[in-house]
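These notes concern the structure reproduced below.
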Amino acid sequence: MEQFNHSRVSEFVLLGLTDSPELQTFFFVIFSVFYLITMLGNSLILLTVLSTPHLHSPMYFLLSNLSFIDMCLSSFATPKMIMDFFAERKTISFEGCISQIFFLHLFTGTEIVLLISMSFDRYIAICKPLHYSTIMSQKVCAGLVVTSWTVGFLHTMSQLAFTLYLPFCGPNVVDSFFCDLPLVIQLACIDIYVLGIFMISTSGVIALVSFLLLLTSYIIVLVTIKDHHSSTGTSKALSTCTAHFIVVFMFFGPCIFIYVWPFTNFLVDKVLSVFYTIFTPFLNPLIYTFRNQEVKTAVKKKLSNQNLNLGKTTSRYPVQ
């Protein structure tokens with residue numbers, strides 16, 4: 001092992017999404033716009049929830065945390081990918097590659113638990129409304145968020161504890177736009193096939209079980225609404241749950257596909273990675289928050305106040 005450590009590679013080469021100059025320019029524009037809208041949209045949600053007293057409720061507290069995680073998830077690899085579109089040689093240091101693996105599993109693990117917490121919140125609100133304020137107290141909400149980050153941290157450390165001690169002494173080409181665990185550990189100088197499949201598949205199994213839990217919670221909520229509410233209420237709930245489920249599927253689907261069956265070398269793995277690192281953080285504020293009437297009203301009020309304040313500031317300096 002000591003000999004391997006002395007010859008450890010110092011950097012990895014990222015192949016990116018495509019070699020076509022035309023497609024690279026197209027992707028540069030598209031992903032730059034997506035990233036900008038993602039950061040602005042989630043920042044607006046955070047600012048609105050924090051500054052609006054009547055939004056200081058468990059649901060919006062969890063939504064604001066989701067926005068923060070989405071900003072983090074969108075930023076661990078996307079800015080470098082955007083800059084690399086015009087780089088002749090796309091490289092990342094060994095430490096940078098390990099950092100990307102760390103943050104990827106930290107943020108995805110945290111978001112998985114947070115999404116389950118949000119479904120639990122909706123289940124209590126709809127199925128046990130009389131006990132909602134008692135069950136979803138501030139202490140419980142804070143505990144759910146802390147638990148989400150703790151689980152995410154423990155998960156990513158379990159993956160890195162396996163990866164850091166692998167000898168990387170030769171191949172250093174990663175066929176993706178960021179360092180992902182299944183791709184990186186294949187470059188190790190020892191045969192880790194069986195152990196690698198076991199370690200990586202745990203991520204896929206966690207994602208699969210979490211997805212099934214979320215699906216079950218949506219079904220229970222819809223059945224409860226159908227039995228106790230009007231057809232209009234059922235239709236609205238179905239529309240909301242369907243929109244939420246689409247985003248959840250876009251997040252969990254690629255994770256399950258990539259991690260349950262690692263080392264398959266499917267070309268689509270690279271494309272699927274785009275969904276949970278770029279598209280899902282972009283869609284979450286649109287689906288979970290901006291479709292909510294309370295949030296839309298609060299955002300419009302905040303933007304109108306900003307425009308009003310800007311007008312007052314401008315009026316202090318009239319054109320002579």
Side-chain angles (χ1 to χ4, degrees), residues 1-2 4-5 8-12 14 62 65-66 68-80 92-118 142-169 172 174 176-211 213-214 251-252 254-263 269 272-273 276-277 280-281:
M1 180 66 73
E2 185 177 353
F4 281 134
N5 287 337
R8 171 173 283 182
V9 298
S10 59
E11 66 179 17
F12 291 95
L14 302 174
L62 295 175
N65 278 275
L66 178 65
F68 177 73
I69 295 174
D70 281 335
M71 292 172 66
C72 296
L73 182 60
S74 184
S75 299
F76 88 95
T78 305
K80 175 170 175 53
I92 185 171
S93 66
F94 179 86
E95 293 77 12
C97 185
I98 295 299
S99 296
Q100 284 193 340
I101 295 174
F102 172 83
F103 287 120
L104 170 64
H105 286 269
L106 172 64
F107 298 141
T108 53
T110 303
E111 181 156 334
I112 284 173
V113 180
L114 187 62
L115 287 171
I116 294 175
S117 301
M118 290 169 60
L144 289 173
V145 172
V146 171
T147 300
S148 299
W149 284 100
T150 302
V151 171
F153 179 77
L154 292 176
H155 170 66
T156 194
M157 290 306 296
S158 70
Q159 302 296 304
L160 282 185
F162 164 68
T163 308
L164 281 174
Y165 290 98
L166 292 176
F168 296 95
C169 55
N172 67 337
V174 178
S176 185
F177 59 93
F178 68 92
C179 288
D180 201 357
L181 192 61
L183 298 173
V184 172
I185 67 172
Q186 290 187 80
L187 303 178
C189 300
I190 58 174
D191 185 9
I192 45 82
Y193 185 80
V194 176
L195 183 59
I197 284 183
F198 173 76
M199 289 298 299
I200 296 173
S201 294
T202 56
S203 298
V205 171
I206 291 172
L208 178 59
V209 172
S210 301
F211 176 75
L213 285 174
L214 285 169
F251 177 76
F252 281 94
C255 293
I256 294 170
F257 187 89
I258 292 172
Y259 288 96
V260 170
W261 299 283
F263 308 150
D269 284 5
L272 290 175
S273 299
Y276 65 86
T277 58
T280 302

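- Closest approach of Met118 to Leu62, counting heavy atoms only: CG-CB, 3.7 Å.
- Leu181 contributes atom CG, which lies 8.0 Å from atom CG of Leu160 (distance to the nearest 0.5 angstrom).
- Here the CD1 atom belonging to Ile206 is positioned 11.5 Å from the CD1 atom belonging to Ile256, to the nearest 0.5 angstrom.
- Within 6.0 Å of atom CZ in Phe94, more than 12 heavy atoms from other residues, nucleotides or ligands are found, so the atom counts as buried in its surroundings.
- Counting only heavy atoms from C-beta outward, the side chains of Leu115 and Leu66 approach each other to under 4.5 Å.
- Taking every heavy atom of both residues into account, Asp180 and Ser273 meet most closely at OD2-OG, 4.4 Å.
- Going from atom CZ of Phe12 over to atom CD1 of Ile92 covers 9.0 Å, rounded to the nearest 0.5 Å.
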Could you pull out all donor-acceptor pairs under 3.5 Å where a side-chain atom in residues 96-107 meets a protein atom, sequence neighbours excluded?
residue	atom	partner	partner atom	Å
Ser99	OG	Glu95	O	2.9
Gln100	OE1	Cys179	N	2.8
His105	ND1	His155	NE2	3.1

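- With rounding to the nearest 0.5 angstrom, the CZ atom of Phe252 is 4.5 Å from the CD1 atom of Ile112.
- When every heavy atom of Asn65 is checked against every heavy atom of Val145, the shortest pair comes out as OD1-CG1, 3.4 Å.
- Across all their heavy atoms, Leu214 and Ile116 have their closest contact at CD2-CA, 3.8 Å.
- If you take CG on Leu166 and SG on Cys189, they are separated by 9.5 Å, rounding to the nearest 0.5 Å.
- What you find for Ser176 and Leu183 is that their closest heavy atoms are CB-CD1, 3.4 Å.
- In plain terms, the two heavy atoms of Tyr276 and Pro254 that are nearest each other are CD2-CB, 3.7 Å.
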Do any side-chain atoms of residues 68-78 form donor-acceptor pairs under 3.5 angstrom with protein atoms, and if so which ones, sequence neighbours left out?
residue	atom	partner	partner atom	Å
Asp70	OD1	Asn284	ND2	3.2
Asp70	OD2	Asn284	ND2	2.8
Ser75	OG	Tyr35	OH	2.9
Ser75	OG	Met71	O	2.7
Thr78	OG1	Ser74	O	2.8

